[in-house]
Protein chains: 2
Amino acid sequence: MRIERLSAKAEDYLETILRLSETPRGARTGDIAAALDVQPSTVSAALKSLKEQGLAEYTPYGAVGLTPKGRQVAEDIAGRHVSLRRFFTETLGLSQEEAELAACGMEHDATPLVLDRMGLLGDFLRQNPALLGQWHAARATAKGERAPGVESGLDELPPGVRAVVVGIDVDSGLRKRLVEMGVTPGVLIAVERVAPLGDPIAVEVRGYRLSMRKAEAARIRVKWRPGLI
Amino acid sequence: MRIERLSAKAEDYLETILRLSETPRGARTGDIAAALDVQPSTVSAALKSLKEQGLAEYTPYGAVGLTPKGRQVAEDIAGRHVSLRRFFTETLGLSQEEAELAACGMEHDATPLVLDRMGLLGDFLRQNPALLGQWHAARATAKGERAPGVESGLDELPPGVRAVVVGIDVDSGLRKRLVEMGVTPGVLIAVERVAPLGDPIAVEVRGYRLSMRKAEAARIRVKWRPGLI
DNA sequence: TCGAAATGTTTGAGGACCCAAACAATAGCA
DNA sequence: TGCTATTGTTTGGGTCCTCAAACATTTCGA
Ligand SMILES: [Mn+2]
Ligand SMILES: [Mn+2]
Ligand SMILES: [Mn+2]
Ligand SMILES: [Mn+2]
């Protein structure tokens, strides 16, 4: 039984409830409405429907939660969402915003095998840093977006690709702080990973790992070094 | 104007009408219904709606066609569909059936940039046959699907990956015909491309190009040769 | 040519979403 | 402890998509 697939909308409601119910505020009708860009009255109706299907439990005016069955579906969708977003950002080199949008739309139709292979392809490329750099350089030049070796902000450097620091576009205390952390012109630098919302960014310099805001990373000019370790 | 995006269903109707209207039969209500797995009455309603939106033109009981505007949308969707399917089959190595299904579901939410980068990534891998072979070997072994160098049917060999013919599983006239075409044990063989429906398959042997049915290709046992030209 | 068979449309109805407006409950403040 | 602002629900109404059944048209064989 339960061969019936849930609608994309129902899946989005469950995914949102799961995410919000993990916050101290819990999942409130108004917050769900804001997250999904619908009116609170629409959420009320959706909650009633999810409750009837045995996916959500809540008492009117009270807290919203998921049943074990609902949680299972929600976690599956959330997993698809992050798999796709990771592929779009880390492998395809898209922005967090674009990746987020496309992932939340495509997550409902991506089959397990598709997600699996995307993950494997990302692993395959990352496993060889030189290769990863070649790929990102190739795709960056393909559409005239950015010539290889040309400068960009550190915030635009894809995770795993190495670059050389060219300069720091700021003359405030930030510059001093960065220099103290070893971010000086000529040094090799790489982005390790970017938080889901694009902030903060984990950076590696001189064997050290440091965390910085996206806005700060944007002030660090770098030159891509595809092919380097 | 027309910032309004069409619904996924409307896009599917347009895509189907475009495809069918290119056949000698033309786009008939019943054929559209069969293609989209809905009742003819549902198609009638959909056609009326598309007509009101200036996307389709038809006279009751007559032929269905697309307006220039409708054709534009339909061609866009059809393009997304083939881009995704191509990525799923040629780059991710999925079956035609799986790719078709996932592509037609995800095409409605894939952004232009996502499609673009997927295409570039496929080009990047194909441009270096050794690399393509490494990737397909890696993903084939990753899930214990198939060990590298182990035999499979030619029908399961991803396009662009080279292999060596090990034997032919048949003792009919087919064997003779294949041998005449140069398909003998020990020879290098590769799949050039697979038709959208999985049949026929274009194969390259000894510098010649030949076409065979998927069922025939399945009888040819090959051993993958990742890394070869 | 002239029915039947095949094909297509209309009608009536229901489910899934969505909203605005009216209504109800809760939370927070005096 | 009230009283009000905030939050949540209900109600009534739409759109989109779907189907079954009744009806209309076209096609095709006798
Ligand atoms: Mn979603
Ligand atoms: Mn999502
Ligand atoms: Mn589709
Ligand atoms: Mn499609």
Side-chain angles (χ1 to χ4, degrees), chain A residues 2-17 20-21 23-65 70 73 77 104-105 107-109, chain B residues 2-17 20-21 23-66 70 73-74 77 104-105 107-109:
Chain A
R2 218 179 65 68
I3 300 174
E4 284 280 329
R5 263 198 54 207
L6 283 171
S7 72
K9 294 294 183 178
E11 288 183 342
D12 277 340
Y13 277 106
L14 291 175
E15 188 190 5
T16 303
I17 293 169
L20 291 176
S21 64
T23 66
R25 251 177 91 76
R28 311 269 307 259
T29 298
D31 295 341
I32 299 170
L36 294 176
D37 196 24
V38 296
Q39 295 307 116
S41 59
T42 303
V43 175
S44 274
L47 289 176
K48 205 192 296 181
S49 166
L50 290 174
K51 187 179 182 179
E52 279 166 7
Q53 293 174 75
L55 297 166
E57 51 195 11
Y58 88 114
T59 47
Y61 297 100
V64 179
V73 176
I77 301 298
C104 208
E107 68 195 359
H108 311 286
D109 292 287
Chain B
R2 216 181 66 70
I3 301 175
E4 285 280 330
R5 263 200 53 207
L6 284 169
S7 72
K9 294 295 184 179
E11 289 183 340
D12 278 340
Y13 277 106
L14 292 175
E15 187 189 7
T16 303
I17 293 169
L20 292 176
S21 64
T23 68
R25 252 177 90 76
R28 312 268 307 260
T29 297
D31 296 341
I32 300 171
L36 293 176
D37 196 25
V38 296
Q39 295 307 118
S41 60
T42 304
V43 175
S44 275
L47 289 176
K48 205 191 296 181
S49 167
L50 290 175
K51 187 178 181 180
E52 280 167 6
Q53 293 174 75
L55 298 166
E57 50 195 13
Y58 89 114
T59 49
Y61 297 100
V64 179
L66 294 173
V73 176
I77 300 298
C104 207
E107 67 195 0
H108 311 286
D109 292 287

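Note that this is a predicted model, so its numbers are computed, not measured. Note on naming: letters A, B, ... go to the chains in the order of the sequence lines (proteins, then strands), and numbering restarts at 1 for each one.
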| Which residues satisfy the side chain to side chain donor-acceptor pair (under 3.5 Å) test with A/Ser7, sequence neighbours excluded? |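 For A/Ser7, no residue satisfies side chain to side chain donor-acceptor pair (under 3.5 Å) once neighbours in sequence are set aside.
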
| query | Can you list the residues that meet the side chain to side chain donor-acceptor pair (under 3.5 Å) rule with B/Gln53, with sequence neighbours excluded? | reply |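 Partners of B/Gln53 by the side chain to side chain donor-acceptor pair (under 3.5 Å) criterion, ordered by chain and then number, come out as B/Ser49.
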
| Can you pull the contact range of chain A along DNA chain C, 5' to 3', using atoms under 4.0 angstrom from its heavy atoms? |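 The footprint of chain A covers C/dC17 to C/dT26.
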
| How many Å lie between CG on B/Asp37 and P on D/dT18, as a whole number? |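 Those two atoms, CG and P, are 10 Å apart.
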
| Rounded to the nearest Å, what distance is computed from the CD atom of residue B/Gln39 to the P atom of nucleotide D/dT18? |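 For the pair B/Gln39 CD and D/dT18 P, the rounded distance is 11 Å.
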
| field | With A/Thr42 via side chain to side chain contact (heavy atoms under 4.5 Å, CB included) - residues at least two apart | value |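 For A/Thr42 the side chain to side chain contact (heavy atoms under 4.5 Å, CB included) partners, ignoring immediate neighbours, are A/Tyr13, A/Val38, A/Gln39.
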
| query | Which distance, rounded to the nearest 0.5 Å, do you find between the CG of A/Leu20 and the OG1 of A/Thr29? | reply |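 Result: 10.5 Å between the selected atoms.
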
| request: Could you tell me the separation between the CG atom of A/Leu55 and the CD atom of A/Glu11, rounded to the nearest 0.5 Å? | output: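 Going from the CG atom of A/Leu55 to the CD atom of A/Glu11 covers 10.5 Å.
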
| Got a sec, which residues hit salt bridge (charged side-chain N to carboxylate O under 4.0 Å, His left out) with A/Asp31, two or more places apart in sequence or on another chain? |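 With sequence neighbours excluded, A/Asp31 shows a salt bridge (charged side-chain N to carboxylate O under 4.0 Å, His left out) to A/Arg25, given in chain and number order.
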
| Base, sugar-phosphate, or nothing: which does B/Ser7 touch, judged by heavy atoms less than 4.0 Å apart? |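 Here B/Ser7 touches the backbone only, sparing every base.
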
| task | Heavy atoms under 4.0 Å is the rule here; annotate nucleotides 3-13 of chain D 5' to 3' with B where the base is hit, S where only the sugar-phosphate is, and - elsewhere. | result | ----SBBB---

| field | Working for side-chain contact (heavy atoms from CB on, under 4.5 Å), residues B/Leu47 and B/Ile17 | value | CA-CA 10 Å; B/Leu47 289 176; B/Ile17 293 169; 3.9 Å; yes

| task | Answer whether the closest heavy-atom distance between the side chains of A/Leu14 and A/Ile77 falls below 4.5 Å. | result |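 Answer no - side chains too far apart.
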
